[in-house]
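See structure below.
Remember, it's 1-based here, ligands and their atoms both numbered in the order they're listed. Hydrogens, waters and symmetry mates play no part in the numbers below; they use all other heavy atoms, side chains included.
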Amino acid sequence: SRPGVPSRHVTARIAPLGSRLVLALVEDRTRERRVEAVRRDFVANVSHELKTPVGAIRVLADAVAEASDDPVAVKRFAGRMLIESDRLTQLVQQIIELSRLQGDEPLEAPVAVDVDEVVAAAIDAVEVDAEGKGITVVTGGTKGLHVFGNEEQVAAAVSNLVSNAVAYSDPSSSVSVTARAESGAVEISVVDQGIGIPQDELDRIFERFYRVDPARHRSTGGTGLGLSIVKHVAATHGGEVRVWSVEGHGSTFTLTLPQHLPAVDDRLMPTPGP
Ligand code: ADP
C-alpha cells in the first residue's frame, strides 16, 4: 500500500434506542480517504513538477539580463527559455486533460471516431521529431475502422502512444501503428524497437508522473502524464490499454476501444422469442 494512505478506516456509532433497541451505524470511509490521499499526492506532485520549468525560466531570465552585451549568450539562453516554456505549456495542458478525465465519468454524446484520421493526425504531430531521428513510421489496417467515443480523447490517447514510441526509439529504427477489429472492439497497436521497459516497471508506468528513468527523461522532455491519460481514456470508453516490452528491444502498446455503444448492439440484436 502507498505511504500515507490508511489501509482501513471504519467508524461505528452506536445509539441506544430505548431499553432493548440499539442502533449501530457502521460507516466505512476507507475508499473516500484513499481518494483524498491520492488527490493530495497529485496536488503535491503537480506543484513540484511546475516548479522545475518555472525555476529554470527564472534562472535563464537572470542570465539573459546579465549577458545583455553578449548576443551569442543571449540567443542561447533565450532558446533554452523557449524550450522550458514549451515544456510548461505541455505540462499545464496535460494536467488539465488529466483532471477532466479523472472522474472516469461516462462519455457525453459519443460519436463514431475515424481511426484512420486519428492515427494520421498522431503521426503528423511526430513527423518532425521522427525525421530528426531518422525514424520511419508505418501504418496498416486503420482504414474504414471506427471506435465509439470522444474524438478529442481518443486522439490524445493515440497521440501519446505514438509520441512515446518515437521519443523512446533508437535513431533509424521504425515504429508501426496498426489497427484491427476484434469482436466488437478495435485494437490499435503501437510497436517500437526502442529502449524497452524493465519488467518490474511495467505496471508503474501508467501512474501519474512516473518515469522509468528521470535522468534520460530530461532530454526527451516528456511530462510523465501521457500514459495515465491513455489509461483514463481507455477507462472512460470501457476499453483497456496493455503493454508488452523487452528491455533493449522495444515495446508494444495496445489500446482497445469499443466499436459500438452497447445499447446500439442491443437494438440490433433479434428480440428473443416467447
Ligand atoms: P513521459 O512524458 O515521460 O513519456 P508517459 O506517462 O507517457 O510519460 O510514460 C511514462 C514512462 O514510461 C516514460 O517516462 C518512459 O520511461 C516509459 N515509456 C513510455 N512509453 C515508452 C516506450 N514506448 N518505450 C520505452 N519506455 C516508455
Hey, are Thr136 and Ser174 close enough side-chain-wise for a donor-acceptor pair under 3.5 Å? no
Geometric N/O contact Ile195 with ligand 1, under 3.5 angstrom: no
What do you reckon, does Asp192 put a non-hydrogen atom under 4.0 Å from ligand 1? yes
If we set the cut-off at 4.0 Å for heavy atoms, which region of Tyr210 has an atom near ligand 1: side chain, backbone, both, or neither? backbone
How does Leu225 reach ligand 1, by side chain, by backbone, by both or by neither, if only non-hydrogen atoms under 4.0 Å count? backbone
One finds that the ligand 1 atoms under 4.0 Å from a non-hydrogen atom of Gly224 are 1 (P), 2 (O), 3 (O), 6 (O), 8 (O)
N/O to N/O below 3.5 Å, does that happen between Phe253 and ligand 1? no
Contact atoms of ligand 1, heavy-atom distance to Gly196 under 4.0 Å: 25 (C)
State, without any angle test, whether Gln153 and Thr236 hold a side-chain donor-acceptor pair at a distance under 3.5 Å. yes
Using a plain distance cutoff, I'd like to know if Ser228 has any nitrogen or oxygen under 3.5 Å from a nitrogen or oxygen of ligand 1. no
Can you tell me if Asn160 uses its side chain to pair, donor with acceptor, with the backbone of Val230 under 3.5 Å? no
Charged N to carboxylate O under 4.0 angstrom, Glu207 versus Arg204? yes
Asp116 backbone acceptor or donor facing Thr142 side chain under 3.5 Å: no
Look up atom NZ in Lys133 and atom OG in Ser172, then write down how far apart they are to the nearest 0.5 Å. 10.0 Å
Option set Val212, Thr223, Asp213, criterion heavy-atom distance to atom 17 (C) of ligand 1, minimum: Val212
Taking 4.0 angstrom as the limit and counting only heavy atoms of Arg211, give me the atoms of ligand 1 inside it, by number and element. 3 (O), 14 (O)
Looking just at side-chain N and O atoms, do Ser189 and Thr254 make a donor-acceptor pair shorter than 3.5 Å? yes
Looking at ligand 1, would Gly194 count as a contact under a 4.0 Å heavy-atom criterion? no
If we set the cut-off at 4.0 Å for heavy atoms, which region of Leu227 has an atom near ligand 1: side chain, backbone, both, or neither? both
With a 3.5 Å cut-off and no angle check, do the side chains of Gln90 and Thr223 form a donor-acceptor pair? no
